[in-house]
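In what follows, every heavy atom counts, from backbone to side chain, and hydrogens, waters and symmetry copies are set aside. The shown structure was predicted, so the numbers you read here are calculated from the model rather than taken from an experiment. Sequence lines set the chain letters: A, B, ... in the order given, protein chains first and strands last, and positions in each chain run from 1.
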Amino acid sequence: MLDIRAIRQQPDVFKAKLQRKKVDPAEIDRLLERDAAWREHLAEVERLKALRNQTSEAIARKKKQGEDASEDIARMREVSARIQELDGRVRELEAEVRDLLLALPNVPHDSVPDGESEDDNPVIKTWGDVPQFSFAPKPHWEIAEALDIVDSERAVKITGSRFVLYKGLGARLERALANFMLDFHVERHGYTEMFPAFIANEESLVGTGNLPKFGDEMFKIEGLPYYLIPTAEVPLTNYYRDEILPADALPVKFAGYSACFRSEAGSAGKDTRGLIRLHQFQKVELVNLCLPEQSYDVLEQLTREAEAILEALELPYRRIEICTGDLGAKDAKKYDIEVWLPAQNRYREISSCTNFEDYQARRANLRFRRDERAKPEFVHTLNGSGLAIGRTVAAILENYQQEDGSVLIPRALVPYMGGIERIAKA
RNA sequence: GGAGUGAUGGCCGAGUUGGUCGAAGGCGCUCGCCUGCUAAGCGAGUAUACGGUUGUUAAGACCGUAUCGAGGGUUCGAAUCCCUCUCACUCCGCCA
C-alpha cells in the first residue's frame, strides 16, 4: 500500500512512477477526489462530535446541580441523528479510499530498467560453466521416470494434474535439499529457522499483498476465511504484523521451509511435464525486515545468499534484473536467479529476490522505533527464494545426468544423502 | 464436538447504581536530581491512528475526533446496559 499523504503532496510524481507500471494516471485523480470527499465529511462529523461532547458534559453538570437540561438534550438528539448519518457516509468513503489504495501497485525503484516484458530483463551476471554432454541430455522428467524417483502418473490418480509424488531416492533428495538449504542459511547467513502453518488467514494475505487482488491465484479453504499459503513469505512476513519493533531487533532474518500452493500454475499450458510448474511445491523462503535506508543493501545481500546455494551445489546460473513491464504489483525492485537446464537449453527461474520497501509493511502495519521516544516508522520488507526445491531437483537431475541414465549427487549434498553419491537404476 | 470463564494502555491490574475515563494504582521505560560507583530514594514524563491549524512539502507545537477484542443497538451521553461475531483459556470427549 502506498502512502496516501505522500500521494496528496506529490500526485504528479506518483502518476509518473506508476505509469511505468502501466497504471492510468486517472486512478490517482479518482483516489484523490474520494480522499478529499472523505476528509471533508470527516471534518464536519468531527465538529459535530466535539459539540456533542461539550454539551454532554454541560448536561452532566446541570443534572448534578439539579438544573433543567431538557433543552440541551433535545438539541443533541438532532445532532446525534445527523452524526449517525454522516458517520455512515464517512465510513463508505473511507472504505472506497482504502480499496483504491489497496489496488494500487507499488512504485518501481528509480534504478529499475524500463521494459515491456520479460524479454527486456537485462542479465546482470552469469556464474558457472554450462555442462557439455557427449550425448543428448534428457529432460528431468524422463530421467526421474527412468530412475523411478518421481511418480507423476499416480500423483494424478491420487490428486490431479500438476501434482507429483517423490519416491525413494527422489523423496530423499527433496528432503536433503530442504535440510541443506536451511542449515546453509542458518549457519552461514545468520537466519532464524521457521516452520509455519501452511494455511493463513485473510488478514495475513492482505498484509503481504496477495489479497484483495490476487485471490484467484490461491487455493481457498471452503467455508473459511483461510487460504493455502502460496509461499512461506506470507506467514513469515506477517509474524510481526501489527507490532512495533525496537530498532535493535532489526534486521530480522527468517528462513522458512514450507509447501507452496498455487492455483494459477495450471492455466498457462506451459511446462505441462516435470517439476517446473506445479500446484504444490516446496521451498525454503528467506524473509528480511530491515531499516528503510538499508533495504537496497539487504536486497543485494539476500540475492547473494540465494546464489550461494547454487554455487555450493555447483549449478550454473545467471542473475537477471526484472524490468518495469515484468515487475509484480507489490515489487519495488526484483532480481530473478535462473538456473541452467540443459535439456531446455536455457536458464529457468529458481529464485526471486524482491524489495517491497514499505508497501507490505504499511499493509501489515509492521513498524519499528528508532529509539524509545521516536515515532514508529514502517520497516522495509524483502524476500527471496532460497531456493525452490522442485526446480532445484530438476536442475540437479539435468545438470548431473550421466550417459548411463544415472545422476551424480552434488558434493555438498552427499552428507545429506547419507553418503549416497549417485542415483542409479535399481 | 459438549460445558464453562474471560477479552482494558509495553506488562500487571482497578473500574461493573451509564455522566471531566484515554481510562486509578503498580511494574517497566525515558529525562532530571541525589550518590565516590552500583543499588535504593526523590521529581517530571511516558499509547496509537486519523483530520485540522501553524510551520521552509522539515522537526515540532497546538486544536479536534476515534480507540477499553470486533461489529451493531439503546441513550443527550457507554469501558460500563442489550444483541451478534471473533479469539483465548479451563474441564470433558475424540485424536496424530
Side-chain angles (χ1 to χ4, degrees), chain A residues 1-17 28 31-102 195 197-207 221 223-226 238 240-249 292-293 358 361-379:
Chain A
M1 185 159 65
L2 299 174
D3 183 357
I4 182 70
R5 273 181 289 200
I7 298 175
R8 276 177 206 151
Q9 284 176 351
Q10 303 186 300
D12 294 337
V13 170
F14 279 88
K15 283 180 188 174
K17 285 180 187 257
I28 298 294
L31 171 69
L32 288 174
E33 185 275 315
R34 294 284 78 186
D35 178 58
W38 170 68
R39 283 185 293 159
E40 205 174 293
H41 282 75
L42 184 66
E44 189 181 348
V45 78
E46 287 192 346
R47 201 168 55 239
L48 291 175
K49 283 180 178 175
L51 171 66
R52 182 176 70 183
N53 287 345
Q54 282 174 6
T55 312
S56 287
E57 268 179 47
I59 290 170
R61 262 199 313 276
K62 285 183 181 178
K63 285 205 162 184
K64 201 170 267 178
Q65 292 167 4
E67 292 175 30
D68 176 47
S70 55
E71 198 178 303
D72 286 334
I73 291 175
R75 208 149 47 85
M76 285 308 105
R77 209 188 306 265
E78 284 172 37
V79 170
S80 277
R82 177 80 183 126
I83 287 173
Q84 190 155 33
E85 199 181 303
L86 273 172
D87 250 344
R89 185 70 189 126
V90 168
R91 267 199 296 272
E92 277 172 32
L93 286 165
E94 195 172 20
E96 283 181 50
V97 170
R98 183 176 166 79
D99 288 349
L100 288 169
L101 211 47
L102 280 176
F195 186 72
F198 296 174
I199 294 176
N201 60 30
E202 284 177 341
E203 290 76 18
S204 297
L205 290 153
V206 170
I221 307 293
L224 292 171
Y226 294 163
N238 277 281
Y240 285 122
R241 172 156 49 88
D242 290 323
E243 295 189 34
I244 301 172
L245 302 171
D248 60 17
E293 61 271 28
D358 63 4
R362 186 168 275 113
R363 287 170 166 258
N365 194 27
L366 179 33
R367 297 175 294 172
F368 75 99
R369 244 191 258 276
R370 289 188 188 271
D371 62 72
E372 293 282 350
R373 305 207 140 186
K375 291 186 66 170
E377 298 172 55
F378 291 108
V379 303

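Within the nucleic acid shown, A:Thr55 has no heavy atom closer than 4.0 Å to any nucleic acid atom. Backbone-only engagement by A:Gln84 is indicated by non-hydrogen atom pairs under 4.0 Å involving sugar-phosphate atoms exclusively. Among the protein residues, A:Leu42 comes within range of the sugar-phosphate backbone only, with heavy atoms under 4.0 Å from sugar or phosphate atoms but none that close to a base.
Comparing B:G77, B:G51, B:C87 by their closest approach to the side chain of A:Ser80 singles out B:G77. Distance from the side chain of A:Gln10 is smallest for B:U57 among the nucleotides B:C76, B:U57, B:U48.
Remark: B:A3 base-pairs with B:U90; criterion is Watson-Crick or G-U wobble with both hydrogen-bond distances under 3.5 Å. Using the Watson-Crick or G-U wobble rule with both distances under 3.5 Å, B:G9 pairs with nothing in any strand shown. With a 3.5 Å ceiling on both atom-pair distances, B:U20 lacks any Watson-Crick or G-U wobble partner.
Comparing the P positions of B:C82 and B:C42 gives a spacing of 43 Å, expressed to the nearest Å. Rounded to whole Å, the separation between the C1' atoms of B:G22 and B:G41 comes to 30 Å.
The closest donor-acceptor contact from the side chain of A:Asn201 to the backbone of A:Ser204 lies under 3.5 Å. Between the side chain of A:Arg363 and the main chain of A:Val206, a donor-acceptor pair closer than 3.5 Å is present.
The side chain of A:Arg91 contributes an N or O atom lying less than 4.0 Å from OP1 or OP2 of B:G72. Within the structure, every side-chain polar atom (N or O) of A:Arg52 is placed at least 4.0 Å from both OP1 and OP2 of B:C76. Applying the 4.0 Å criterion to OP1 and OP2 of B:U57, one finds that A:Arg5 has every side-chain N and O outside that range.
Taking every heavy atom of both residues into account, A:Pro11 and A:Gln9 meet most closely at CD-C, 3.4 Å.
Within 3.5 Å, a donor on the side chain of A:Glu46 pairs with an acceptor on the base of B:G64, or the reverse.
Straight-line distance from the NZ atom of A:Lys63 to the C1' atom of B:G18: 11 Å, rounded to whole Å. At whole-Å resolution of the value, CG in A:Asn201 and P in B:A70 are 17 Å apart.
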